[in-house]
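Just below is one structure, and these are the notes that go with it.
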Protein chains: 2
Amino acid sequence: MPNRDDVLGAAQRMLNADPAASMAGIAEAVGISRATMHRHFDSREALLVELGTRSLDRWEQRLDEAGVEALAAEGDPVRLREALEVLVLAYVDDSDAFGFALTDHVILANAALEERTQVLADREAVLVAAAQEAGVLRRDLPLRWFGHVTYGLLVAAREAVRIGDIARRDAGQLVLSSLLAGVATR
Amino acid sequence: MPNRDDVLGAAQRMLNADPAASMAGIAEAVGISRATMHRHFDSREALLVELGTRSLDRWEQRLDEAGVEALAAEGDPVRLREALEVLVLAYVDDSDAFGFALTDHVILANAALEERTQVLADREAVLVAAAQEAGVLRRDLPLRWFGHVTYGLLVAAREAVRIGDIARRDAGQLVLSSLLAGVATR
DNA sequence: CTCATGTGAGACACTGATGTCTCACTGCGA
DNA sequence: TCGCAGTGAGACATCAGTGTCTCACATGAG
């Protein structure tokens with residue numbers, strides 16, 4: 001019998017394939033009844049908020065693993081650049097599982113999640129600011145722009161993989177390379 | 001009394017603000033009754049398809065203005081680069097009005113629109129391929145990747161403007177500069 | 001064996017949206 | 001002035017999804 005985590009995992013996969021999936025659809029994909037679905041999660045919103053929380057947990061974990069604050073304090077260009085690369089590649093991996101959370105309206109409209117998103121964006125901005133200081137990232141771009149560009153490229157990669165224009169295994173390097181160096185020759 | 005074009009324009013603005021807007025909501029925003037709304041468009045889908053068609057019309061117009069095929073045949077690096085810049089800036093402008101069409105499920109699921117999208121993407125790819133040949137765009141990136149990256153940056157700019165992280169008037173240059181040169185120093 | 005717990009099936013009420021239809025009104029042209 | 005085309009208001013049937021509830025059933029622990 002699928003436990004709560006199994007349900008969350010299956011729901012995640014289902015919602016990635018079809019972000020508008022109904023509770024009935026998700027329950028069917030999980031292999032349980034609607035009744036049991038509602039025994040796990042009071043409402044569809046509760047389910048989505050929990051999945052949103054999960055994705056933020058992952059983001060936070062990535063920032064922790066990178067040691068954002070320490071790196072920023074240190075200010076070493078080489079290590080900053082390396083950390084940025086590792087972080088972006090991790091995001092690409094994660095977007096595979098959590099991608100739908102990037103665009104789901106219910107999740108984006110949730111005040112608590114939005115607040116926490118802001119906190120994490122702030123942490124990330126610390127790294128970006130340090131990288132700008134250290135000459136790793138361009139200083140002529142707004143601090144907050146970097147996060148948006150990264151997000152946009154994740155969306156692009158997701159779509160490109162879905163359509164079949166690029167291979168999944170190439171997504172990370174394409175995103176990283178395009179993000180840092182652009183698509184024009186130099 | 002709003003004519004059909006007024007209705008389309010108002011619907012476009014409404015759907016950009018709230019992509020899930022109902023026919024009733026759109027009608028109210030336009031300032032007409034639901035009945036009149038349905039006299040103009042048989043169904044919500046019909047309305048969305050027409051808006052999708054409009055956005056593809058605009059895209060096609062941009063490609064025409066750029067003179068894609070002639071430029072590609074010519075192969076002059078300077079003019080190719082210039083055309084790419086003009087095109088991307090035009091896309092940023094257009095995404096202001098047509099942005100919602102980039103992500104709306106009803107529009108994306110329409111077979112006729114998808115087919116036409118493919119045709120236009122093919123035309124654009126001609127320009128990209130020529131630019132790669134001429135050494136303007138990187139040859140180590142897949143041909144189809146360029147379109148996706150551009151799309152992703154449009155999404156990013158839209159969101160960044162919405163949140164207030166960047167000014168609308170800066171969006172064009174930020175997208176263009178990040179697209180071509182990336183966000184890292186060189 | 002017995003019982004408690006968890007489950008599936010399905011009925012139910014409710015909501016919000018869609019699309020159709022009627023009817024009365026208004027404004028404009030003939 | 002008459003008549004007509006277009007409109008708004010609103011009723012109506014329909015549909016899909018949500019969330020609640022009941023009841024029968026299975027399974028595993030004691």
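Proteins get letters first, then strands, A, B, ... in listed order; numbering begins at 1 in each.
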side-chain N/O B/Ser33 vs D/dA9 OP1/OP2, d < 4.0 Å: no

Value in whole Å for how far the P atom of C/dG19 lies from NE2 of B/His40: 16 Å

Nucleotide D/dT18, atom P - distance to CD of A/Glu28 in whole Å: 13 Å

Sugar-phosphate, base or nothing in reach of A/Arg39, heavy atoms under 4.0 Å: base

Earlier contact from the 5' end, DNA chain D, for A/Ala24 and B/Met37: B/Met37

Atom CD of B/Glu69 with >12 non-hydrogen neighbours under 6.0 angstrom: yes

Stepwise side chain to side chain donor-acceptor pair (under 3.5 Å) check, A/Gln118 with A/Glu114: CA-CA 6 Å; A/Gln118 201 51 50; A/Glu114 188 177 354; over 6 Å; no

B/Arg4 atom CZ, over 12 foreign heavy atoms within 6.0 Å: yes

Whole angstrom value for the distance that separates P of D/dG17 from CG of A/Asp18: 10 Å

Length of the line joining A/Met23:CE and C/dA9:C1', which is rounded to integer Å: 17 Å

Distance below 4.0 Å between A/Thr36 side-chain N/O and C/dG8 OP1 or OP2: yes

Interatomic distance, B/His38 NE2 vs C/dT20 P [rounded to whole Å]: 7 Å

Per B/Ser22 side chain, nearest of listed nucleotides C/dA17, D/dG10, C/dG8: C/dA17

Closest nucleotide among D/dG10, C/dT20, D/dC21 to the B/Ala35 side chain: D/dG10

Flag side-chain contact, heavy atom, 4.5 Å: B/Trp145 against A/Asp165: no

Interatomic distance, A/Phe41 CZ vs C/dT7 P [rounded to whole Å]: 12 Å

Interatomic distance where CG belongs to B/Leu47 and C1' belongs to C/dA17 [whole Å]: 15 Å

Distance in angstrom units between A/Arg44 CZ and D/dA16 P, rounded: 16 Å

Donor/acceptor link under 3.5 angstrom from B/Arg34 side chain onto base of D/dG8: no

B/Leu51 and B/Leu47: CA distance, side-chain angles, deciding distance, side chain to side chain contact (heavy atoms under 4.5 Å, CB included) verdict: CA-CA 6 Å; B/Leu51 288 174; B/Leu47 169 64; 4.3 Å; yes

